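Only heavy atoms go into these numbers, but all of them, side chains included; no hydrogens, no water, no symmetry mates. Since the model is a prediction, treat every value here as computed from it, not as a measurement. Index from 1, following the sequence.
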Amino acid sequence: ISLWKYRILERLYNLGDAEAQHGVNYILANDIQIKIGFTLGGREATFNESTNTITLTNAYGLYSYDEIPNDFGLSLIIHEAKHLEQGTALSHSKLGEMEAWQLQFRILSQFRGLTAAQQDILSAQTLDDFTTKIQEHYPSYWLENGWGLITYPDYPQEPWWQYINPPPG
């Protein structure tokens with residue numbers, strides 16, 4: 001394990017609650033790699049089941065190996081680890097995204113205050129409420145360049161790519 005990865009996991013484990021500690025333990029137990037690199041669709045982070053990797057974007061100088069990620073970046077690592085833990089079908093559904101976004105914001109709230117938009121997402125009680133709030137607060141995540149949360153099935157489907165909803169228009 002690199003010193004950079006160790007420092008990330010140490011901060012999450014020591015400053016986070018049981019959910020953050022679970023995420024750290026999951027990453028370690030499953031030998032999940034964390035790296036800086038290219039991410040598709042302008043996302044700040046992505047996961048790859050084939051390589052068992054979480055990637056933080058190198059775009060805009062947001063993240064680098066010179067320092068541990070900021071609080072938002074740390075919470076993104078747990079978000080992406082949650083997707084790896086969920087498995088393919090759940091992680092590629094609106095329900096899986098709701099679980100991961102809300103986990104991320106619970107973790108983030110342990111490091112700093114949440115914005116009004118983040119609090120709104122965290123308070124969503126139903127899938128419809130969650131998707132409405134994502135559309136309102138994070139429209140580029142809902143649909144950008146023909147891809148986004150709008151294209152995901154509501155609930156896990158196997159194989160997930162056969163249940164992609166075509167974007168409007």
Side-chain angles (χ1 to χ4, degrees), residues 8-9 12-13 16-35 37-57 69 72-110 114-115 117-169:
I8 288 170
L9 298 179
L12 280 164
Y13 193 89
D17 68 358
E19 287 185 306
Q21 292 168 358
H22 173 82
V24 168
N25 288 332
Y26 184 81
I27 289 167
L28 290 169
N30 292 279
D31 195 29
I32 296 170
Q33 303 306 306
I34 303 170
K35 68 176 194 168
F38 174 77
T39 57
L40 291 173
R43 304 283 185 246
E44 284 193 41
T46 57
F47 69 99
N48 184 317
E49 291 172 293
S50 300
T51 60
N52 209 31
T53 302
I54 295 168
T55 303
L56 296 172
T57 187
F72 191 81
L74 292 171
S75 70
L76 275 172
I77 289 168
I78 298 297
H79 174 125
E80 300 303 337
K82 179 67 174 178
H83 284 316
L84 289 168
E85 183 178 18
Q86 288 171 332
T88 303
L90 182 55
S91 67
H92 290 90
S93 70
K94 290 181 181 95
L95 179 63
E97 283 294 347
M98 180 176 166
E99 288 179 3
W101 278 66
Q102 289 184 332
L103 171 63
Q104 177 186 348
F105 291 155
R106 285 193 303 273
I107 301 297
L108 183 60
S109 73
Q110 297 166 33
L114 298 178
T115 66
Q118 291 164 345
Q119 290 172 356
D120 207 23
I121 300 286
L122 188 54
S123 72
Q125 296 295 309
T126 66
L127 196 55
D128 286 342
D129 191 26
F130 170 74
T131 57
T132 298
K133 290 174 181 194
I134 289 291
Q135 290 174 67
E136 177 184 342
H137 299 299
Y138 298 94
S140 67
Y141 192 78
W142 180 249
L143 178 64
E144 183 172 65
N145 298 323
W147 185 256
L149 190 59
I150 191 174
T151 63
Y152 282 21
D154 288 349
Y155 299 100
Q157 302 286 337
E158 291 283 356
W160 70 271
W161 59 85
Q162 290 184 358
Y163 295 90
I164 293 295
N165 301 308

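Taking the six-membered ring where tryptophan is involved, the planes of W101 and Y138 are perpendicular, since the angle between them exceeds 60° and thus also 30°.
Residue L95 comes nearest to P156 through the heavy atom pair CD2-CD, 4.4 Å, listed as atom of the first residue, atom of the second, then distance. Pairing each heavy atom of M98 with each of Q125, the nearest pair is CE-C, 4.1 Å. Nearest heavy atoms, H137 versus I121: CD2-CD1, 4.4 Å.
Side chains of E80 and H83: no donor on one and acceptor on the other come within 3.5 Å. Remark: the K133 side chain and the S123 side chain contain an N/O donor-acceptor pair separated by less than 3.5 Å. Remark: the N52 side chain and the Q33 side chain contain no N/O donor-acceptor pair separated by less than 3.5 Å. A donor-acceptor pair shorter than 3.5 Å cannot be found between the side chains of T39 and E44.
To the nearest 0.5 Å, atoms CG (L114) and CZ (F72) are separated by 10.0 Å. The CZ atom of R106 sits 12.0 Å away from atom OG of S75, with the distance rounded to the nearest 0.5 Å. Here the CD atom belonging to E97 is positioned 8.0 Å from the CD1 atom belonging to I134, to the nearest 0.5 angstrom. To the nearest 0.5 Å, the span separating CD on E85 from OH on Y26 amounts to 5.5 Å. We find the OH-OG1 distance between Y152 and T131 to be 14.5 Å, quoted to the nearest 0.5 Å. Between atom OG of residue S93 and atom CD of residue Q86 there is a gap of 7.0 Å, rounded to the nearest 0.5 Å.
P69 pairs in a side chain to side chain contact (heavy atoms under 4.5 Å, CB included) with only one of the listed residues (I77, L12, L76), which is I77.
With contacts defined as side-chain heavy-atom distances shorter than 4.5 Å, the pair I107/D17 qualifies. In this structure, L90 and E99 have side chains that are in contact, with non-hydrogen atoms separated by less than 4.5 Å. Residues I32 and T53 are not in side-chain contact: their nearest non-hydrogen atoms beyond the backbone lie 4.5 Å or more apart. Side-chain contact between Q104 and I78 is absent, with no heavy atoms from C-beta onward closer than 4.5 Å.
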Could you walk me through whether F38 and T57 pass the side-chain contact (heavy atoms from CB on, under 4.5 Å) check?
-> CA-CA 5 Å; F38 174 77; T57 187; over 6 Å; no
Full working for side-chain contact (heavy atoms from CB on, under 4.5 Å) between L103 and H79 = CA-CA 7 Å; L103 171 63; H79 174 125; over 6 Å; no
Working for side-chain contact (heavy atoms from CB on, under 4.5 Å), residues L56 and T46 | CA-CA 7 Å; L56 296 172; T46 57; over 6 Å; no
Pair T51-N48, side-chain contact (heavy atoms from CB on, under 4.5 Å): steps then yes or no | CA-CA 6 Å; T51 60; N48 184 317; 3.3 Å; yes
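Shown here is K35, whose NZ atom has no more than 12 heavy atoms of other residues, nucleotides or ligands within 6.0 Å.
Ring centroid separation for the pair H92 and F47 comes in under the 6.0 Å cut-off.
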